[in-house]
Amino acid sequence: MPLRPLRLPRRSPRKFVFIILILLVPSILFGIFTHHQKITYFLRPLWDKPPPLFSHFPHYYAENVSMDHLCHLHGWAVRSHPRRVFDAIIFSNELELLEIRWHELEPYVTKFVIMESNTTFTGIPKPLYFDSNRARFSFAESKISYGLFPGRVNSLKPHEDSFELERQQRIAMNRIIRQSGISNGDLLIMSDVDEIPSPHTVKLLQWCDGFPPVMHLELRHYMYSFEFPVDYSSWRASAHIYGPSTWYRHSRLSDVILSDSGWHCSFCFKNLQDFVFKMTAYSHADRVRRREFLDRQRIQKIICKGDDLFDMLPEEYSFKELFKKMGSIPRSSSGINLPGYLLENADKYKFLLPGGCVRDREISG
């Protein structure tokens, strides 16, 4: 007698779909919750529009070319005497970069205007790093105009109003600038410590007449050191012909920008502890989504690979640029066109040069 084939009970298609959904939906929701930032950044070209493009001024410079000729190349007129220059920054803990910045610009700057606070932008109490290390900057002592901002400890949720605390410090900076002795017609540079205009850029703006009264400075962006050049996307530094309406800000103030005007070295610290401090102290501290982000061994590996400290995707407005910049930053072996003081003191600042990615573990200052 032939065997009958075994018939399994048929499941209802609806029940099968329901089981699949029960299994998949929690996994999808967990994935969205865990990686919502990456998903948002990946889809940014779909939901966000890029800001208007800058109008770029070509920038000309070569050694042994006269200032008269350089001014005329830019379509400007040379002055009979240089205008005074005021360099204004808010300081946190970037001691090494401040040394490089001030040594580079000292021959051209009339006053270094610097303000620091006893709290971070996130409302965390902090030491007065500049004030306690002021002897390191004795070469510029006669030019320093220093101000202290009495910050407030953030009593709200961590990072809840970090941008408001930053805004308060930038507003207070206007008083320090006025007290420095600045006058109408002087050149005022507004930037963060790690946004360093090149000396020849400052000299050009010091000696030429005819450029816009407010102009952004395009800086080459580096990450962790000058071994990892990113692009020329840094634009927040700006140069101003000081006047009654001049107001200290770190946002877009003009549609014109001077090309290739210096260096922006983000997270370029000597010690691992300084990385941890910056990650928890600046306005984007909410990017520290997990405690392991602050692990020093993890930070050290990321520095040497050129990866992202916060495990984020690039902030781009097109999929072309997004895919182009995904992954590690390509390493560069070039030490050309870097700050002169950095190269003259290469042993002291080797952590900023190609091949120097390994950091110290002790605290700065």
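Of the residues Arg236, His250, Arg101, the one that meets the side-chain hydrogen bond (donor to acceptor under 3.5 Å, both in side chains) test with Glu195 is His250. Screening Ile100, Leu352, Leu353 against Leu338 for a side chain to side chain contact (heavy atoms under 4.5 Å, CB included) leaves a single residue, Leu353. Tested against Glu96, the residues Lys348, Lys350, Lys270, Arg136 include a single salt bridge (charged side-chain N to carboxylate O under 4.0 Å, His left out) partner, Arg136.
Using a 3.5 Å distance cut-off with no hydrogens or angles, the side chains of Tyr146 and Glu116 do pair a donor with an acceptor. In the model, Ser66 has no side-chain atom that pairs as donor or acceptor with a side-chain atom of Asp68 under 3.5 Å. Under 3.5 Å, the side chains of Ser234 and His221 contain no donor-acceptor pair of N or O atoms. Side chains of Ser55 and Asp255: a donor-acceptor N/O pair is absent below 3.5 angstrom, by distance only. Side chain to side chain, Thr120 and Thr122 meet the donor-acceptor criterion of an N or O pair below 3.5 Å.
By the criterion of side-chain heavy atoms lying less than 4.5 angstrom apart, applied directly or through intervening Ile, Leu, Val, Met, Phe, Trp or Tyr residues, Val358 is not grouped with Tyr349; the two fall into different hydrophobic clusters.
Figure legend: Arg252 and Phe54 shown as a cation-pi pair, the cationic atom lying under 6.0 angstrom from the six-membered ring centre and within 45 degrees of its axis. In this structure, Lys278 is positioned above the aromatic face of Phe267, its NZ or CZ under 6.0 Å from the six-membered ring centre and within 45° of the axis.
Residues Tyr222 and Phe228 keep their aromatic ring centres 6.0 Å or farther apart. Checked against a 6.0 Å centroid threshold, the rings of His200 and His59 count as neighbours.
In this structure a side-chain-to-backbone donor-acceptor pair under 3.5 Å is present from Arg359 to Cys357.
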